[in-house]
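Report on the structure given below.
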Amino acid sequence: MSDTATASHEDGHASLIIDNKKLLMWLFLGSDCMFFGTLISTHLIYRKLYPESFEPTALFSLELTSFSTFILLMSSFLMALAVSAMHKGELKSFRRNVIGVIFFGLIFLGCQVYEFAHFVHEGLTLSTNTFGSTFYMMTGTHGVHVAIGVFWLICMYFYSHTGKMDAHESAIDVEVAGLYWHFVDIVWIVIFTAVYLIEFI
Amino acid sequence: MSEAEYHPLPVATESHKDSETEKYHAFVNLALGLAAITGIELVLVYLPFNTVFIFTVLLSLSLFKFIAVIAWFMHLIYDKLILTLAFGTGMAIATGTFIALGFLFSRGNVDMDAITGF
Amino acid sequence: MSHTETEIPTPETTHAHEPQVLKPERSRLGLMRPDHGKSVIIDWLTTVDHKKIGLMYGTIALFFLLVGGIEALIIRTQLAFPENDLISAQRYNQLFTMHGTTMIFLAIMPLNAAFFNFLVPLQIGARDVAFPRINSFSLWGFVAGAIVINFGWILQALEVMGLFQASGPTAGMNDFVPAMGWFGYAPITGINFTGAGTDFWIMGLQILGIASLSAAMNFVVTIVNMRAPGMKMMRMPVFTWMTLVVSLLIVFAFPAITIALGQLMFDRCFGTNFFVVAGGGQPILWQHLFWIFGHPEVYILVLPAMGIISEVLPTFSKKPLFGYSIVVFSGAVIGFLGFAVWSHHMFTTGLGKVATAAFSLLTMAIAVPTGVKIFNWVGTLWGGRVRFSAPMIFSLGFVWMFMMGGFSGIMHSSAPADAQQQDSYFVIAHFHYVAIGGIFLAVVAGIYFWLPKMIGKMWKGNLSTWVAIFSTVGLNVTFFPMHFLGLLGMPRRTHTYLEGFGWETYNLVCTIGAYILAFGIFLLVVDIIRCFRSGEPAGNDPWDARTLEWTTTSPPRVYNFAKTPIIPARDALWEHKYGPENRRITFEDDHGHGIHMPSQSWMPFIASFGFIPLGLGMSLMQAGIPYMGYFAIFGLVLIGMGVALWAIEGPGGYHLHPEEDAI
């Protein structure tokens, strides 16, 4: 999806304020705020209504979740470096960092798969109660976002080997992918606090 | 073929590289900070402090992480205001809706007898 | 400009008048791009031209307007007499559900999208939208959603003929057309209460939502980025401004319904408990999530109409729009406040005193910017040289009829009054005055105003006056008595009624009105066909209009403007024609580059075509048809493949060198 859409077809447009793709991505992220806002709202509303229906502290492993939070934050750091490298035109450094991001993203997904499997084993499924429904759907949607991001970055990594990347256009493409990745990270920051940590107070 | 046509990105000049180096240091510091905050959060929930206090601290730490990633990693402070507006509008509407929904639902309105599932 | 010149590989160039010289190129996939082909069908399927896409949106939307209209006529015929049994209660439910869904998502929204597509790039002086291929994706996504949502009719017909029965998860429930109202309140949408019709509705709306979202983001980027030099934000036509506001509303409102539909789908397919009462689910949550989307949706429908009116009134009054900046600002305020009033649809659910009071006040507040606009329109007419051409007649009708819908709307904002009116025919009267008296009349005004630009032919005769008379009389005869019906206590969505409540006469009058309105719409269709068949050439500017789209030829050429115009003022063409010397539109020199045109592409079509197997597969699976899960996965694969190839094939493009034209 690196160049899903063409850039402008106007040759040098005077009122151009910002790159088309970047603006599109930020709008998408604004929209995605509402998307995750609705999911997190649903979860917290049902937690507020039925606090006694389920005791997640017995199930949650805060160490594991903190670890995956840390992993995701560090992947965000590497992503920022990858974008920076691309802007400087340093393809090698870009590849190194992107591999790191992909690796950390996969670790995060692994943690999530392990967590889901563990929870299901302990008896919490989608249909157990409202907690199961909201929790799996919310974190699952986030996981799908991570998976799409990882897939996108893998595509970019291979694309960088084709020699077709040029410093100008591809820097924007990488930056847009980076914006997406960081957004996935900040959603997790919110989920980590609002869904996991708060249960332990 | 139009790909190369249209990019305001300057070729990497020396000053550009300098600013990227500056950003690099900002990124490293921020990454360390974020890691530290996550550690603090993890410890904090187990400490025997007042619940409201812990809740407030957790909320502010998470807010700080949230804003820091947006501002630096996502380049928002280096970028045009219109991007902040685009994202900020979505964020504001989502937050407002979340708060309103939080107030609109209360346990007093729930008929617990109708729920047979738990 | 300068630093990019060197990087452009030399394209195949030609003069616009000899297009046969252009040859299709290979994309990066090695496949031939569908440019410059001889097949008209392939050309329209793969087009990325915003004008063709707009025309297709308009045609399909008009078709669905007629479909929804026929559904409404059947409903009204059923209600003409007490205890009528023209159709069964179940069929009646399906008809009103599909009437609402069709009119909102398949008729009005795409009609608005047709105007957005055709006009916005022309009004801001752009070559095309920012992402032409995403635009094509949005159009075909809309078509896919429309097919999925209407597919149930086929199954229903088979069921009536005794050829098909539901099995599997919805065994025994043979409602294949959605039958739970257009807002699909839980818990009736649950798997225990309704059959596969609900699944078609969920999947169809989900697909339509994706199409709308992608289109909306595209338009925001277009309007922010693609304006011609000098076209500052506060010089844009009001229609473009309203497009921007509406697009932002779509961007921020649709995710709520996406999630709500997703949760409902999980409830039905995977046994979650979001809206299942026994499992702790709260049906009221669906209402909240739906109206968080649903109320902005109301403004998504009506703001483009206001934009059209704000273009037509100044043109036919020969005066600038009175209070341009206030009109723009109040449009934006309406949009923003639209997110803060959703619970006024739910006053009778018992929100609590504080919430009811707050949403009541906010609802009253949102009437203020709307009222401001009405005064601005009247102010535009005041002292103007008013010409009663067809678009103007419909616009004046809009102002009046929309105002009446607005008044009953303000009555709803008072929670105690609303408690009486909720779910009665009074509400029906209210929103049909807004929808038909407001949006429909404005859209017809828009059609009369811009169709000469779109197809290059001018209207013949004055059938338009009869369209106006029949549709305005028809809508008043149909919907005004509904106010009284509502106050007399007739509930909406009632299949039939008994004698003796005093409803008989009103209902009969409503039904007669519906047929008058239908005749008006029939005349409109006749008039459009007449215009297509035998209209005289329209010329660039048949109405002596004010904005930039009238500087191009009718119909506009594929590249819109031979050279990028430089905009000196608001109402650019008017200033150019009648303003001082220093306000003439000038043109940018392109240094012989020509105009860069995007290549056509199959990929958006393929990607959005994948929605059909995905949506149908998920729904038919619920009706117990075997292997449908694989069909759905096939759809997903198709979408993924389409998007991937779309990314790899590269944007392509070629250059045209049209002759310069004078205004």
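Below, chains carry the letters A, B, ... as their sequence lines are ordered, and counting in each starts from 1. The figures here come from the full heavy-atom set of this structure, side chains too, leaving out hydrogens, waters and symmetry mates.
- The contact between C:N218 and chain A is made entirely by backbone atoms, counting heavy-atom distances below 4.5 Å.
- Neither the backbone nor the side chain of A:S41 has a heavy atom closer than 4.5 Å to any heavy atom of chain C.
- Interface summary for chain A: among C:V251, C:L248, C:I250, the most heavy-atom pairs under 4.5 angstrom belong to C:V251.
- In this structure, NZ on A:K22 lies 11.0 Å from CG on C:N225, to the nearest 0.5 angstrom.
- Residues C:L285 and A:Y46 are in side-chain contact: their nearest non-hydrogen atoms beyond the backbone lie under 4.5 Å apart.
- In terms of non-hydrogen atom pairs under 4.5 Å with chain C, the most contact-rich of A:Y50, A:F36, A:Y136 is A:Y50.
- Taking a 6.0 Å sphere around CZ of A:F70, one finds it holds 12 or fewer heavy atoms contributed by other residues, nucleotides or ligands.
- Put simply, OG on A:S133 and CZ on C:F270 are 12.5 Å apart, with the number rounded to the nearest 0.5 Å.
- Atom-to-atom distance recorded for A:T42:OG1 and C:F275:CZ is 7.0 Å, nearest 0.5 angstrom.
- Contact between C:L213 and A:S31 at its shortest, heavy atoms only, is CD2-OG, 3.8 Å.
- For the pair C:Q282 and A:L49, the minimum side-chain heavy-atom distance is below 4.5 Å.
- Applying the side-chain hydrogen bond (donor to acceptor under 3.5 Å, both in side chains) test to every pair with at least one member in residues 68-80 of chain A, sequence neighbours left out, gives these pairs: A:T69-A:W188, A:S75-A:W181, A:S76-A:H182, A:S76-A:D185.
- For C:F336, the CZ atom counts as loosely surrounded, since its 6.0 Å shell holds 12 or fewer non-hydrogen atoms of other residues, nucleotides or ligands.
- Between C:F254 and A:M34 the shortest side-chain heavy-atom distance does not fall below 4.5 Å.
- Distance check, rounded to the nearest 0.5 Å: CG of A:L39 to CD of C:Q263 gives 6.0 Å.
- C:I134 CD1 to A:N20 CG: the interatomic distance, rounded to the nearest 0.5 Å, is 10.0 Å.
- Using a 4.5 Å heavy-atom cut-off against chain C, no residue of residues 99-121 of chain A qualifies as contacting.
- Open room surrounds CZ on A:F151; 12 or fewer heavy atoms of other groups in view lie less than 6.0 Å from it.
- Between C:P255 and A:F35, the shortest heavy-atom distance links the atoms CB-N, 3.6 Å.
- Only the side chain of C:F266 comes within contact range of chain A, judged by heavy atoms closer than 4.5 Å.
- Within the 4.5 angstrom heavy-atom criterion, atoms from both the backbone and the side chain of A:F28 approach chain C.
- By the neighbour-count criterion of 12 heavy atoms within 6.0 Å, atom NZ of C:K232 is sparsely surrounded, having that number or fewer from other residues, nucleotides or ligands.
- Once rounded to the nearest 0.5 Å, the distance linking CG of C:N273 with OG1 of A:T128 reads 8.0 Å.
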